[in-house]
Every structure is written in C-alpha cells, then in structure tokens.
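Everything on this sheet refers to the single structure shown next.
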Amino acid sequence: PHFIIQIPGKNDSICFNIDEKPGTVLRLIQDPVTGITVTGQIIGDKRSNASSRTGKTYFGKLGITNAWMDFRVEVTTEKIILGTGAELSTFSWLDTITVTQTGLSVTINRKKNMVVSFGDGISFVIILHQVWKKHPVHQDFLGFYVVDSHRMSAQTHGLLGQFFQPFDFKVFGIRPGSDPTKPDATMVVKNHRLTVTRGSQKDYRKDASVGTKVICWFVHNNGEGLIDGVHTDYIVPSLF
Amino acid sequence: SLPEGVVDGIEVYSTKISCKVTSRFAHNVVTTRAVNRADTAKEVSFDVELPKTAFITNFTLTIDGVTYPGNVKEKEVAQKQYEKAVSQGKTAGLVKASGRKLEKFTVSVNVAAGSKVTFELTYEELLKRNKGKYEMYLKVQPKQLVRHFEIDAHIFEPQGISMLDAEASFITNDLLGSALTKSFSGKKGHVSFKPSLDQQRSCPTCTDSLLNGDFTIVYDVNRESPGNVQIVNGYFVHFFAPQGLPVVPKNIVFVIDVSGSMSGRKIQQTREALLKILDDVKEDDYLNFILFSTDVTTWKDHLVQATPANLKEAKTFVKNIHDQSMTNINDGLLKGIEMLNKAREDHTVPERSTSIIIMLTDGDANTGESRPEKIQENVRNAIGGKFPLYNLGFGNNLNYNFLETLALENHGLARRIYEDSDANLQLQGFYEEVANPLLTNVEVEYPENAILDLTRNSYPHFYDGSEIVVAGRLVDRNMDNFKADVKGHGALNDLTFTEEVDMEEMDAALKEQGYIFGDYIERLWAYLTIEQLLEKRKNAKGDEKENITAEALDLSLKYHFVTPLTSMVVTKPEDNEDQTSIADKPGEEAIAETTTMSFLTTQQSSQSPYYYVDGD
C-alpha cells in the first residue's frame with residue numbers, strides 16, 4: 001500500500017509504502033477521544049501466498065469502529081457489513097445506499113466508493129478498485145482516504161492518524177538519484193535526517209480508474225524515520 | 001371399440017397448460033381439445049381452477065375450426081344478458097370460489113357427433129414473493145386419460161434465476177422423474193411436465209387418471225442489488241427486496257377470540273399455534289395476549305420483553321386458554337391498541353421497534369359495541385395510523401368483509417384461516433410472514449414530474465422474504481436515465497437505497513424480453529393498479545367510491561381483465577340465436593355462497609342454450 005500525506009500550508013506531500021505479507025492488519029487511525037479506530041488488512045496479488053513478501057500487496061479489507069457508538073463497518077472488495085454488536089446489516093458494492101443514524105452517515109455509491117462520516121468533521125472515503133476479473137496477477141482492492149479529520153483529537157495515532165496534527169519537515173540538498181527522472185534529497189523530519197526520492201502517487205478520489213497525479217517526497221524502508229517507531233509497531237492481530 | 005381416454009363418447013385428446021412468466025408476471029393459457037366420438041350430440045365440460053389473485057383475460061371456444069372469442073364487458077351489461085337467460089330458465093355458473101387459493105372456471109357446450117371443440121382460457125397474475133420465493137400454483141385435474149397432457153412453463157427474469165423447482169402433490173418422485181424436466185440458466189428457466197398415457201394411469205391396468213392435485217412451480221431471482229427497475233414502452237416496474245438487514249424488534253399484541261364458538265378444535269388449534277409462535281419470538285421482541293369473549297382479560301397489564309422466563313410464563317398462560325360466552329371484538333381490540341400506545345408513550349419498548357396487532361376471531365361481534373361501523377371508527381381513532389392491524393378470520397361464520405375493511409383501514413390485511421386440520425399451521429404461517437420486519441415506513445420516491453399513474457409507493461413494513469413492487473408510467477419515454485430512492489427505517493438506522501437505471505444498459509439486459517411477451521410491464525402495471533383500486537374501493541364511500549370504481553372499470557375493459565367489475569361474454573351464433581357464456585370473478589365474500597351458484601346442464605331443445613355465471 002502507498003501512503004500519501006498531504007501537508008497543509010506546505011503545498012507538498014510525503015509518501016511511503018508499507019510492505020508486509022498478506023494477512024497483516026495495520027492500524028491506520030486510532031483516536032482514544034472520539035473512539036474511532038481504522039484498520040486495514042493486506043491481501044496479496046493472485047500469485048502470492050501467505051508468506052510472500054515479493055508480490056504486489058493491497059488493502060483488501062478495512063475496518064472502522066467507533067467504540068463510543070458501539071458501531072463498526074467492515075469493508076471488503078465484495079461486501080460491506082455494518083452495525084452494532086450482533087445486529088449487522090450486509091450490503092454489496094452493487095448497492096447505492098445511504099445509512100444514517102444519529103452522529104453517523106454511511107453512503108455506498110455502487111461499484112465506486114463509500115463515504116463514512118461521524119457527524120461534522122470526521123469523514124472517510126473508501127474507494128473500490130476493480131480490475132479485470134481474469135487478470136493474471138491483480139485483484140480488486142480498496143483505497144482509504146481521510147477527507148476530513150478536524151474533529152479528531154490531538155491524541156490520534158496510527159500510520160495515518162499521527163499526521164493529522166501539524167508537523168514540520170525540511171527538504172534540501174536535491175541531487176540526482178539512481179533514476180535520473182527522480183532526484184534524491186535530504187529530509188529532516190521528527191528529528192530524523194532521511195534520504196528521500198522525488199516521486200509521484202495517485203489520488204483516486206475523483207476517478208478510481210485514472211486517478212490524479214500527486215507529486216511527493218518518497219520515504220524509503222516502510223516510512224522509517226517518518227513514522228513514529230517502526231512499521232511493525234502498527235501491526236495488530238485483527239481488524240477489530 | 002373406442003380409443004383409450006374416451007369417457008361417455010368424449011375423448012379429451014389434448015390438454016396443455018402453457019405458462020410464460022416475465023419478471024413475476026405470469027401469462028397462462030389452458031387449452032383443452034376434445035372430440036365427440038359418439039353417434040349423438042354430447043355435452044363437453046371444461047373445468048379449470050385458477051388462482052384467486054389471477055384475472056381471466058380471454059376465453060375462446062373453437063368448434064369445428066370456427067373460433068368464438070371472448071369480450072370483456074361491464075358487469076351490468078353482462079347482467080342484462082344474464083337476466084334474459086334467467087327469464088328463459090337457464091343459468092350456468094362459470095367461475096366460483098374453490099378452496100383456499102383457487103377459483104373454479106367451468107363451461108360446457110353441446111358438441112355434435114364427430115365434431116371437435118377447443119377451449120382456451122387465458123389468465124394473468126403477478127406472482128408475489130412470500131418467504132423468499134415466488135410460487136406458481138396450477139391445479140391438475142383432467143378426470144380422464146389424455147393422450148397429450150402437458151404443462152410447459154417458461155420463466156424469464158432479467159435479474160437471473162437463483163433457484164427453480166417444481167413438484168406435484170399427486171405423483172411419486174419416481175414417476176414424476178421421467179415426466180418432469182426442470183432447468184434454469186441465467187435469466188431463463190423451463191419446467192415441463194409431460195406424462196405419457198401409462199404414467200397417467202392410477203395403476204398399470206387402470207383407465208382412470210392419477211393426475212389430480214396441485215402442481216407447484218417455485219423460484220427466486222438473484223439479488224445482487226436490493227432493487228431492480230425495468231422499463232419497457234414507457235412503463236416501469238420497480239422490484240425492491242433488500243437482504244442482509246437485521247430484523248426490527250416487534251411489539252406484538254395478540255388479540256384472541258375465546259368466545260363459545262371457538263370451543264373444541266378451534267381453540268385447541270389456536271393454543272397449538274400460539275405455543276409454536278412463542279418458540280419463534282425473538283428476545284428483542286415485546287408481547288402480550290388479550291383474550292376477549294364477553295369480557296376482556298389480559299396476560300399481563302403491559303407489554304413484556306420476550307425473555308426466556310417470560311416466554312415460559314406465556315406458554316403456561318396459553319395452555320390455559322379456554323372458551324366462554326360471547327364475542328366482544330371492540331373491547332378486545334381497544335385494549336390491545338391502548339397497550340401498544342402506552343408502551344410507546346412510556347418508552348417501555350425500544351425506540352427503533354415496530355408495533356403490530358394481530359386479531360383472531362371466528363365470529364361477528366355480538367356483545368358490547370357490536371355495530372361494525374362504530375367498531376371501525378373506534379379502532380381507526382385509537383390506532384391513528386401508527387401501526388398495522390392484521391385480522392385473521394377463522395372459518396366461514398363471520399363477516400369477512402368487516403374484518404378486511406377494519407384491517408385495510410389500519411394499514412394491515414385480513415387473512416382467512418380455513419377450518420381444517422392444518423389451521424394451526426395456517427396461523428403459524430401468517431405469523432412467519434410478519435415475524436421479520438426489516439424496514440418500517442418504506443417510501444419509494446421517483447423524480448418529480450417524471451412519472452405518472454404510480455401504484456402504491458408507501459408501505460408500513462418490508463418483511464424478510466417478501467418484495468415491494470411499484471409500477472408506473474414515464475412522462476418522457478425517451479429519458480436517458482431513471483432514478484428511484486427507497487427510504488425506510490431499519491433496526492439500527494435509517495436507510496436510503498438508490499436505484500439508478502441507465503436506459504442503454506437496461507435495454508441490453510431486457511433485449512430478450514421479446515422471448516416472452518413485450519408489453520408485460522404495461523399489463524403488470526394495469527394488473528397492479530386494478531388490484532390496488534379494488535382494495536381501496538372496499539373502504540371508500542360516496543363519490544370517492546364511484547370514481548375508484550370508474551377508474552378500475554375503465555382499466556379492466558381496456559386491458560381485458562375479468563375483475564369483480566367486469567364479465568367476459570362469449571357469444572356463439574346457433575340456430576339463429578346466440579349461445580352465450582359469461583365468466584365472472586367472485587370476491588372472497590362469495591366463499592360461503594358457492595352453493596348458491598348453479599350450473600344447469602339440462603337444456604330444453606326448443607330454446608337456445610345459454611351458459612352463464614352468477615358471481616358475487
């Protein structure tokens with residue numbers, strides 16, 4: 001999975017990948033104040049097996065919970081299960097549906113995306129990426145976007161959540177890299193000095209098939225030095 | 001020596017039931033061909049039992065190659081012909097209620113020696129989804145061996161068929177196996193039942209037929225999406241049946257008639273049914289029992305949660321239900337309604353729950369307030385449209401129309417429980433239908449100014465295993481896309497389902513619709529509109545009733561449906577005078593009166609023969 005962090009006021013972005021074996025569940029957001037947690041499970045491409053680290057990986061399952069509302073959503077590339085405790089509703093990506101209750105709104109847009117909002121100020125979008133069913137390698141996967149986080153607390157953490165609060169970084173010493181089209185540079189962030197590479201990723205919110213190019217500084221080695229701790233600190237045993 | 005299958009000189013050499021179902025709308029044609037092999041003229045009878053929910057759309061007689069078509073006429077017009085026939089001393093009942101689900105169509109004609117006759121009856125019905133499947137019910141009763149007997153059903157469902165099965169009550173699976181073929185793939189399904197003469201025999205050396213009973217085809221469709229909209233020739237139909245939703249908790253009050261007339265088997269069957277129902281009540285539900293005879297007694301003072309301890313206590317209470325004295329429907333119902341209202345006001349039941357009242361009675365109110373109009377008014381005012389009332393009429397000794405009106409006025413429905421060995425199963429079956437509400441206050445909305453002539457689009461409940469069907473007409477039949485929203489309250493949250501139809505995509509999906517019959521959506525819309533108008537008419541009064549009647553009559557005549565407002569007349573010129581048959585549709589209230597309808601087979605040769613019906 002490719003992580004993209006857009007930095008407000010900087011007009012720049014930082015990106016990194018997390019490479020883990022299929023089945024791994026990563027904590028993306030955790031906010032003890034609002035009670036919201038988001039996790040994502042990695043799946044491999046059609047060639048990979050459970051121990052494979054070499055194939056392509058994607059998010060195949062996402063979990064969103066709100067502990068205070070006793071509410072959870074499980075999203076896979078096939079279906080969406082949401083509800084409270086044992087009272088769960090199951091929907092398909094073929095549905096177009098809006099589910100509302102006090103402080104919550106979930107909208108599924110058939111075969112495209114779904115929007116999960118907790119009141120004003122917290123809103124996530126999940127994109128369904130569908131590939132050709134008979135593709136020899138790739139399979140359907142999910143994208144997760146935080147479109148509004150201003151009601152999330154300062155204590156929010158997780159691979160994405162730790163970046164909701166303003167942070168500073170500096171990039172200097174731009175120099176040719178191993179790929180002439182992608183210069184390297186030095187980034188100072190969170191008291192670390194990192195070698196980063198200019199690259200690009202795609203934002204698929206507007207168009208899930210083509211996407212919009214986002215230029216970013218790529219942090220190598222699973223975001224080491226950018227993220228707090230190491231990426232394995234964010235591995236959790238299960239989606240919920 | 002007469003060929004096999006000849007009874008009293010008449011050989012019925014072919015009977016074919018041809019069914020074509022497109023998107024739940026069934027178009028059935030029953031054709032029987034017979035020849036008179038006797039030396040003298042003989043009477044040939046044609047009996048068909050068809051579902052009560054079906055409308056006859058055509059009946060033709062073909063005698064010696066000449067076809068006499070049927071014409072649908074306003075009942076009063078047909079009535080005049082009927083009266084003329086009566087004055088000549090001849091009547092014939094063509095259609096009458098028959099059993100629980102069926103109406104019987106009967107006609108006879110005199111056929112000259114050596115002549116052939118073909119009877120062809122066409123009827124249409126919308127198959128309603130119940131407990132997760134559509135059921136097409138065909139009565140098979142040829143009464144003699146038929147050289148060519150065939151049921152041939154073709155089903156076309158644009159959503160794709162998920163299961164298809166067929167079974168016959170009168171034949172063992174071993175015998176059925178070779179005569180029955182059933183298959184489905186994608187959007188198409190096919191069932192064929194074609195028993196040979198030998199397979200029809202009740203025993204290897206018998207000359208009588210074992211074909212006598214029910215032939216049932218059941219199927220369901222794929223539901224990748226909760227809704228499905230189909231548009232053809234400017235008419236649309238919207239099917240809605242979401243899956244995977246949790247059940248909305250129920251607050252249910254059973255109002256049970258324990259008057260003297262319930263004594264014996266009825267009260268025993270009621271007890272058995274209630275005990276079974278208690279096994280199925282979910283812990284989230286709240287319930288109570290109100291018993292009424294001359295007085296009203298209750299199990300509890302208020303609704304209680306269906307905890308294991310409460311259910312155990314409820315079962316003890318039910319086991320001790322006994323019959324006594326008179327029938328005070330008014331007080332029984334009002335007590336139940338008051339309890340449900342109070343539970344809601346006091347917040348003693350879950351906020352996101354739905355209330356239901358089910359009344360079971362076997363007779364008319366005869367103590368306390370016994371005027372039907374006053375009871376209706378009291379109940380209507382007490383419920384105030386807040387929840388549905390379901391009325392179960394046990395047996396025939398009751399004013400079913402009253403129960404139906406009472407239920408319809410309060411967003412519910414009435415159901416007749418037939419006095420039979422399986423009455424307890426009928427009661428349980430009804431409960432199962434309403435036991436799992438998935439949505440409440442369902443509203444189906446379409447773009448403003450885009451549609452006309454919409455059928456009913458709001459329902460108090462959507463029950464698991466059922467389906468909501470809405471049909472209408474597009475203002476602009478060339479529109480590019482079409483959007484429908486279905487809003488409802490679920491167990492946990494409010495839901496809005498949106499169905500967007502891309503006309504090009506849909507045209508591609510329906511391109512095979514010519515495979516069945518092209519105008520099915522328009523006819524389905526007409527069927528549904530008439531059915532709902534007739535239901536609405538039951539509660540209407542004065543000008544409103546007149547307007548509804550006029551509208552339903554116009555549609556019945558335009559679309560050639562035999563409804564309670566129309567009759568079908570078949571006229572055959574004979575000896576310079578007309579021979580006329582009329583097909584009518586009896587209502588549910590006609591059940592108790594079936595014996596009053598007669599069919600006279602003896603005719604005076606000096607007078608021209610008439611075939612007639614006396615409906616409701």
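We name chains A, B, ... by the order of the sequence lines, and we start the count at 1 in each one.
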Discussion item. On a heavy-atom basis, which atom in B:Phe240 and which in B:Phe462 lie closest, and how many Å separate them?
Written reply: O-CE1, 3.8 Å

Worksheet item: Between B:Val486 and chain A, which part of the residue has a heavy atom less than 4.5 Å away: side chain, backbone, both or neither?
Response: neither

Discussion item. Could you check whether B:Arg352 pairs with B:Asp494 (Lys NZ or Arg NE/NH1/NH2 to Asp/Glu carboxylate O, under 4.0 Å)?
Written reply: yes

Practice prompt. With a 4.5 angstrom heavy-atom cut-off, could you sort out which part of B:Gln243 is near chain A: side chain, backbone, both or neither?
Written response: backbone

Worksheet item: Contact part of B:Asp485 toward chain A, heavy-atom cut-off under 4.5 Å: side chain, backbone, both or neither?
Response: neither

Worksheet item: Judged by modelled atom types alone, do A:Asp148 and A:His150 share a side-chain donor-acceptor pair under 3.5 Å?
Response: yes

Response to the item:
Most contact-rich option vs chain B, by heavy-atom pairs under 4.5 angstrom, among A:Ile108, A:Thr100, A:Leu104, is A:Thr100

Worksheet item: Do the rings of A:Tyr234 and A:His157 sit parallel, tilted or perpendicular, given the 30° and 60° boundaries?
Response: parallel

Worksheet item: Which region of A:Thr84, side chain (C-beta onward) or backbone (N, CA, C, O), has a non-hydrogen atom less than 4.5 Å from a non-hydrogen atom of chain B, or is it both or neither?
Response: both

Discussion item. If the threshold is 4.0 Å, N to carboxylate O, is there a salt bridge linking B:Lys250 and B:Asp285?
Written reply: yes

